[in-house]
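Source: prediction; values computed, not measured. In this chain, numbering begins with 1 at the start of the sequence shown.
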Amino acid sequence: MATTNGANVDIQGPLKELDEIYVDINAIVEQLVEEEAALHAKYEQKKVPLYKKRQGAIDKIPGFWHTCLEKHPIISSLIESEDREAISYLKSIDIERSADMPINYKIVFKFAENPYFTNSELAKEFDFSDKGCIKVTNPEIDWKEGKDLTAAPPKLEGEDDGDSFTENEDTSFFCWFNDVNGSDLADLIANDLYPLALMYFTGSAESDDDDEVPVYDELAQGDVEEEYEESENAGSDEEAEDAPVNKRPKCT
């Protein structure tokens, strides 16, 4: 109830009507997000020949991609000191998009021979084709003995089972390759770091407009380490169906 000129007015009806209108408005906004993402992906696919040419030049610059990761304001915060030496063996990052549906992509990290794992590349794939959920395919990292950066350290004598959580287990950058979702970080790599690599390498990627808030700030303003703890909770089935592609739950 609300009071107007001393009289009580029932506003529940109008509020319900407004709520229904905003449901329709939000549906249009979600459609806009979907179409913008699809359009962006389409034009990223058109850049593939230029990205291949770019990599030829990058190959002449030692530590290029390692430097890009370290200079990215969000991604760098996810790299622990233990990760840095392993990432120093990174040779290239590539985004392989589906020709039929460019919104689906694979993120490929290629490594030189290193003392940590035998893989020459680690590829994590995202399929957004199903509007209700994300299908994620993770690589299996073949860690060398005693070099698993994602493994929990041995328990100390007298430590209870309740203390099984360890900071290293959840914050190593390499945990992302095992994450059941990880689409927020994937979006950051595929649609920010990768196309703007030169700007991050030179340190010129920061916006001069303080009032402009990039879409990626949503990840930065939250607890970035949640990226490694669990996938997004999309709420009801209806909410999941309407969620933007990078917010949908992983299929089980």
Side-chain angles (χ1 to χ4, degrees), residues 44 51 54-55 57-95 105-112 114-117 119 121-124 126 136 138-139 141 143 147-151 153 165-179 181-210 212-232 246-247:
E44 279 299 300
Y51 284 143
R54 179 184 71 173
Q55 185 58 44
I58 287 174
D59 288 340
K60 302 170 187 174
I61 304 174
F64 179 90
W65 286 107
H66 178 202
T67 302
C68 291
L69 291 172
E70 291 282 6
K71 285 189 174 183
H72 193 285
I74 301 174
I75 298 175
S76 61
S77 69
L78 303 176
I79 299 174
E80 293 297 297
S81 57
E82 295 86 353
D83 299 325
R84 287 190 166 85
E85 185 182 348
I87 292 177
S88 70
Y89 291 92
L90 179 63
K91 292 166 53 180
S92 68
I93 296 176
D94 194 19
I95 309 300
Y105 56 78
K106 181 191 296 184
I107 299 177
V108 183
F109 281 61
K110 293 185 179 180
F111 291 87
N114 64 81
Y116 289 91
F117 43 80
N119 311 67
E121 69 175 45
L122 299 176
K124 189 176 176 86
F126 295 84
V136 180
N138 288 329
I141 305 178
W143 294 101
K147 293 293 187 177
D148 187 349
L149 298 173
T150 66
F165 171 84
T166 63
E167 182 178 357
N168 182 64
E169 180 183 8
D170 285 291
T171 59
S172 171
F173 179 82
F174 289 91
C175 287
W176 175 70
F177 289 102
N178 301 324
D179 195 315
N181 191 327
S183 58
D184 280 334
L185 181 54
D187 181 59
L188 203 59
I189 294 171
N191 298 314
D192 182 35
L193 177 79
Y194 185 72
L196 301 179
L198 178 60
M199 296 176 69
Y200 281 112
F201 181 81
T202 60
S204 61
E206 294 183 7
S207 173
D208 294 330
D209 186 355
D210 293 336
E212 182 180 349
V213 181
V215 295
Y216 312 106
D217 279 1
E218 181 179 350
L219 179 60
Q221 291 167 357
D223 182 0
V224 293
E225 293 180 4
E226 286 180 3
E227 176 66 18
Y228 298 104
E229 293 177 7
E230 60 184 358
S231 60
E232 292 282 348
N246 66 325
K247 295 296 181 184

Q: Taking the six-membered ring for Trp, are F177 and F173 parallel (under 30°), tilted (30 to 60°) or perpendicular (over 60°)?
A: perpendicular
Q: Check step by step if side chain to side chain contact (heavy atoms under 4.5 Å, CB included) holds for L193 and I93.
A: CA-CA 10 Å; L193 177 79; I93 296 176; 4.1 Å; yes
Q: Does K124 reach the main-chain N or O of G182 with its side chain, forming a donor-acceptor pair under 3.5 Å?
A: no
Q: Given side chains that start at C-beta, do those of L69 and L90 come closer than 4.5 Å, heavy atoms only?
A: yes
Q: Search all heavy atoms of A190 against all heavy atoms of P195 and return the closest pair with its distance.
A: O-CD, 3.3 Å
Q: Show the nearest heavy-atom pair for residues P73 and Y200, with the distance to one decimal.
A: CD-CE2, 3.9 Å
Q: Are E121 and D94 close enough that some pair of their side-chain heavy atoms sits under 4.5 Å apart?
A: no
Q: Are the side chains of I87 and W65 in touch, meaning some heavy atoms are under 4.5 Å apart?
A: no
Q: Just checking, R54 and Y194: is the charged tip under 6.0 Å from the six-membered ring centre and within 45° of the axis?
A: yes
Q: Does a side-chain heavy-atom distance below 4.5 Å link L122 with F117?
A: yes
Q: Hey, can you tell me if Y105 and F126 have their rings parallel, tilted or perpendicular (30° and 60° cut-offs)?
A: tilted
Q: Can you name the nearest heavy-atom pair linking K106 to A123, along with the distance?
A: CD-CB, 3.7 Å
Q: So, taking the atom named CD in E44 and the one named CG in N191, what distance separates them when rounded to the nearest 0.5 Å?
A: 6.5 Å
Q: For I141 and F174, which heavy atoms make the closest approach, and how far apart are they?
A: CD1-O, 4.2 Å
Q: Has K91 got more than 12 heavy atoms of other residues, nucleotides or ligands less than 6.0 Å from its NZ?
A: no
Q: Any donor and acceptor pair, going by atom type alone, linking the side chain of K110 with main-chain N or O of S92 inside 3.5 Å?
A: no
Q: With a distance cut-off below 6.0 Å to the six-membered ring centre and an angular limit of 45° from the axis, does K147 pair with Y116 as a cation-pi contact?
A: yes
Q: Among T150, D83, N178, find the residue that satisfies the side-chain hydrogen bond (donor to acceptor under 3.5 Å, both in side chains) test when tested with S172.
A: D83
Q: Considering all heavy atoms of both residues, which atom of P115 and which atom of E85 are nearest to each other, and what is their separation?
A: CG-OE2, 4.5 Å
Q: Under 4.5 Å between any side-chain heavy atoms of H72 and D192, yes or no?
A: yes
Q: Could you tell me how the ring of F201 sits relative to the ring of F64: parallel (under 30°), tilted (30 to 60°) or perpendicular (over 60°)?
A: parallel
Q: Distance check, rounded to the nearest 0.5 Å: I107 atom CD1 versus D187 atom CG?
A: 8.5 Å
Q: Roughly how far, to the nearest 0.5 Å, is OG of S204 from CE of M199?
A: 4.5 Å
Q: How many angstroms lie between atom CG of D184 and atom CG of D179, to the nearest 0.5 angstrom?
A: 9.5 Å
